[in-house]
Undergrad: 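Quick one: the structure is below, and I'll ask about it shortly.
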Amino acid sequence: MSVYRRLTESSNEEEDEVYLQETGSYTGHTVKPMKQQTYTVEEAVEHMGFGRFQFYLTLLMGSFSFADACEMMLLAVLSPVVRCEWQLSAFQVACITTVVFVGMLIGSPVWGKSTDKYGRRPILLLVGVWMAYYGYLTALSPTYYWLLFLRFMVGFGIGGAPQGFTTLSEFLPSKHRARLLGSFQMFWAFGTCFEVFLAYLLIPTLGWRYLVGFSAVPLTIAVLINFKIIPESVRYCMTAGKRRQAMETLETVAKMNNTTLPEGVLVKSKEVERGKLKDLFAKGYVRTTLQLWYLWFTAAFCYYGLVLVSSEILEYDSVCGAAEDWNHGDSEGEVCHCQLLSQNDYLTLIFTTLGELLAIPVNVFLPDIIGRTRLLGLYFLFSAIFTALITVCSTRLFLTITVFAVRALTSGLFNIVYLYTVEVYPTIVRAFAVGSGSAIARVGAMATPFVAQVLLTYYVDSALIVYAVVCFIACILSFSLPIETMGRAIQEM
């Protein structure tokens, strides 16, 4: 017989209310307090381990990551087309990308607070519907300014997308989190590859509006698949007083993993005090915080910037002097530089985007071999070198290899910066540290289009050198981080 006990606090802490699930009746009796064995959600997850439930949940949450990547990669392949159709200047093209990140910056705290109040499941589904809805509307944009507004709304929705990984992480045993974070990147990588392939098929034949519409289809599919399957966060259920729902979810996990729950009664986890900004600058963390903030900024600035650079360079073949031709057109009063990507350009983009898959095995194994700070330093160092090599006028093969390497290196940065941030700070300030770092990363993403799509239009080498220098500075800061977290116990206080 399954019995649920709901323990309530009383003024003298001497009474328990006992509910019998089988009969649904309340005994009405007061019993003497007795010491019972208890366990928390975290202890239950650790006890049940990694199994079939986590595998399926990874696929479900990965579908959202795949769909988000499609919407983000769309920015790179959309720019050359709308530039030509609406005769846009470089500044106007850059704004299309920037408004998405402005929307993310504003939307992230809104969605975060909503999940605390209403739960992760409904908010995650709402985020998917929101992004798909405004994604479809973007395909109908009548003017440039409508396009800006609708992409801003998509960006607002993307601000809530990280809730998917947060939901997954709550069901992961601690020893599997780091490696799964590295492998989870493959969904994003496949999403970016899929979007470029979709552009290759649709833009030359049906046009950019069909591309935008079809890019929202993966989100629609993800919402439909997850509508009845995705579980609610057990931690949220306990916080909201929904112990029975939490137990049902944990029993499902145990059944799918062919294991059992711990002995005892499920209780709410101990409340952890939320960190504040001043905690990031506590003794021993001032230097770490300042250096990490620059690394967060650089990771976003360089990753998203070099994604845009790859399509811009292919659009104009600019590293070998073609820039002189379209700069000359500007002196004659032309507003925009219009040249569509060829089929060979799209194939090159697909191949270079596959470079993001190369970072996955690196992030899974190397952090525990050479350490977090060394790996970060090497990522930034080689990113600087290969970015500088793009300025060399050579063959298309050489350009493809260098861009492939840059995409692999910059895509690997985010996961290690995130992993290091989670590990280096104590529990009380860990969530706030990740949140502040993510906000600074979005500032970097908002700024990068004006280098990748404005400065590069006029001074190609200068734009690439900006990225190389920013990465080289980050390399020095990475190697000089005062704390190495490999093998270091997680700090509680």
Side-chain angles (χ1 to χ4, degrees), residues 42 46 165-166 169 172-185 272 275-303 358-386 405 408-441 444 468-493:
E42 292 82 359
E46 295 293 334
F165 184 77
T166 303
S169 66
L172 292 177
S174 57
K175 67 178 181 179
H176 293 281
R177 286 175 189 163
R179 289 194 173 184
L180 192 66
L181 175 62
S183 59
F184 195 75
Q185 184 183 351
V272 178
K276 300 177 182 179
L277 181 61
K278 66 178 182 179
D279 297 325
L280 296 180
F281 296 94
K283 185 178 180 180
Y285 287 100
V286 175
R287 182 176 155 194
T288 299
T289 296
L290 293 176
Q291 291 181 214
L292 258 181
W293 279 357
Y294 182 84
L295 298 185
W296 275 99
F297 177 91
T298 304
F301 181 80
C302 291
Y303 172 74
L358 193 63
I360 296 174
V362 174
N363 285 348
V364 169
F365 298 106
L366 277 189
D368 293 326
I369 297 176
I370 67 174
R372 278 67 160 156
T373 58
R374 288 191 185 93
L375 181 56
L376 268 178
L378 291 174
Y379 265 141
F380 282 117
L381 175 61
F382 285 107
S383 294
I385 292 172
F386 279 97
L409 293 163
T410 55
S411 67
L413 290 172
F414 264 116
N415 281 341
I416 306 303
V417 172
Y418 177 87
L419 176 62
Y420 181 84
T421 304
V422 168
E423 292 178 337
V424 76
Y425 288 102
T427 300
I428 190 174
V429 75
R430 188 172 301 131
F432 189 83
V434 173
S436 64
S438 299
I440 290 174
V469 170
V470 169
C471 284
F472 185 71
I473 295 173
C475 164
I476 296 173
L477 294 178
S478 297
F479 281 123
S480 64
L481 281 167
I483 302 172
E484 171 56 67
T485 60
M486 183 178 68
R488 175 175 179 261
I490 294 294
Q491 306 299 299
E492 296 299 330
M493 297 297 293

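The figures here come from the full heavy-atom set of this structure, side chains too, leaving out hydrogens, waters and symmetry mates. Predicted, not measured: the structure shown is a model, and the values here were computed from it.
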Undergrad: With rounding to the nearest 0.5 angstrom, report the CD1 to OG distance, Ile473 to Ser478.
TA: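 So the gap between those two atoms works out to 11.5 Å.
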Undergrad: Show the nearest heavy-atom pair for residues Ala384 and Ala468, with the distance to one decimal.
TA: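 Smallest interatomic distance, heavy atoms only, reads CB-O, 3.3 Å.
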Undergrad: State the OG1-CH2 distance between Thr298 and Trp293, to the nearest 0.5 angstrom.
TA: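 Rounded to the nearest 0.5 Å, the OG1-CH2 separation comes out at 14.5 Å.
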Undergrad: Using a 6.0 Å cut-off, check whether atom CZ of Phe472 has over 12 heavy atoms from anything other than its own residue.
TA: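 Incorrect, the count does not exceed 12.
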Undergrad: May I ask you to test the Leu378-Phe479 pair for a side-chain heavy-atom distance under 4.5 Å?
TA: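 They are in side-chain contact.
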Undergrad: Minimum heavy-atom separation for Val362 and Tyr379, please, with both atom names.
TA: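 Distance-wise, the nearest heavy atoms are CG1-OH, 3.2 Å.
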Undergrad: Under a 3.5 Å cutoff, is there a donor and acceptor pairing between the side chains of Tyr418 and Ser438?
TA: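 Ser438 and Tyr418 do not have a side-chain donor-acceptor pair below 3.5 Å.
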Undergrad: Rounded to the nearest 0.5 Å, how far does CZ of Phe380 lie from CD1 of Ile476?
TA: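 So the CD1 of Ile476 and the CZ of Phe380 are separated by 12.0 Å.
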Undergrad: Please assess Tyr303 against Leu413 for the test side chain to side chain contact (heavy atoms under 4.5 Å, CB included), listing each intermediate value before the final yes or no.
TA: CA-CA 8 Å; Tyr303 172 74; Leu413 290 172; over 6 Å; no
Undergrad: Nearest 0.5 Å, what's the CD1-OG1 distance between Ile416 and Thr373?
TA: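 Spacing of CD1 (Ile416) from OG1 (Thr373) equals 11.0 Å.
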Undergrad: For the pair Leu481 and Val424, evaluate side chain to side chain contact (heavy atoms under 4.5 Å, CB included) and give the outcome as yes or no after the intermediate values.
TA: CA-CA 11 Å; Leu481 281 167; Val424 76; over 6 Å; no
Undergrad: What are the two closest non-hydrogen atoms of Ser480 and Gln291, and how far apart are they?
TA: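 Nearest heavy atoms, Ser480 then Gln291: OG-NE2, 3.5 Å.
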Undergrad: Can Leu375 and Asn363 be said to form a side chain to side chain contact (heavy atoms under 4.5 Å, CB included), step by step?
TA: CA-CA 9 Å; Leu375 181 56; Asn363 285 348; 4.3 Å; yes
Undergrad: Check the angle between the aromatic planes of Phe301 and Phe297 and answer parallel, tilted or perpendicular using the 30° and 60° thresholds.
TA: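 Ring orientation of Phe301 relative to Phe297: parallel.
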Undergrad: Grab the two heavy atoms, one from Leu295 and one from Ala474, that are nearest each other, plus how far apart they are.
TA: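 Looking at all heavy atoms of both residues, the closest pair is CD2-O, 3.5 Å.
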Undergrad: I need the minimum non-hydrogen distance between Arg372 and Glu484, along with the two atoms involved.
TA: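 Shortest heavy-atom contact: N-OE2, 3.0 Å.
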Undergrad: Could you give the distance from CZ (Arg287) to CD1 (Ile483), rounded to the nearest 0.5 Å?
TA: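 Arg287 atom CZ to Ile483 atom CD1 measures 9.5 Å (nearest 0.5 Å).
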Undergrad: CG/Leu292 to CH2/Trp296 distance, rounded to the nearest 0.5 angstrom?
TA: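 The CH2 atom of Trp296 is 8.5 Å from CG of Leu292, to the nearest 0.5 Å.
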Undergrad: Nearest heavy-atom pair of Cys475 and Gly377: which atoms, and what distance?
TA: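 Distance-wise, the nearest heavy atoms are SG-O, 3.5 Å.
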Undergrad: Between Tyr420 and Thr288, does the side chain to side chain contact (heavy atoms under 4.5 Å, CB included) criterion hold? Intermediate values first, please.
TA: CA-CA 11 Å; Tyr420 181 84; Thr288 299; 4.3 Å; yes
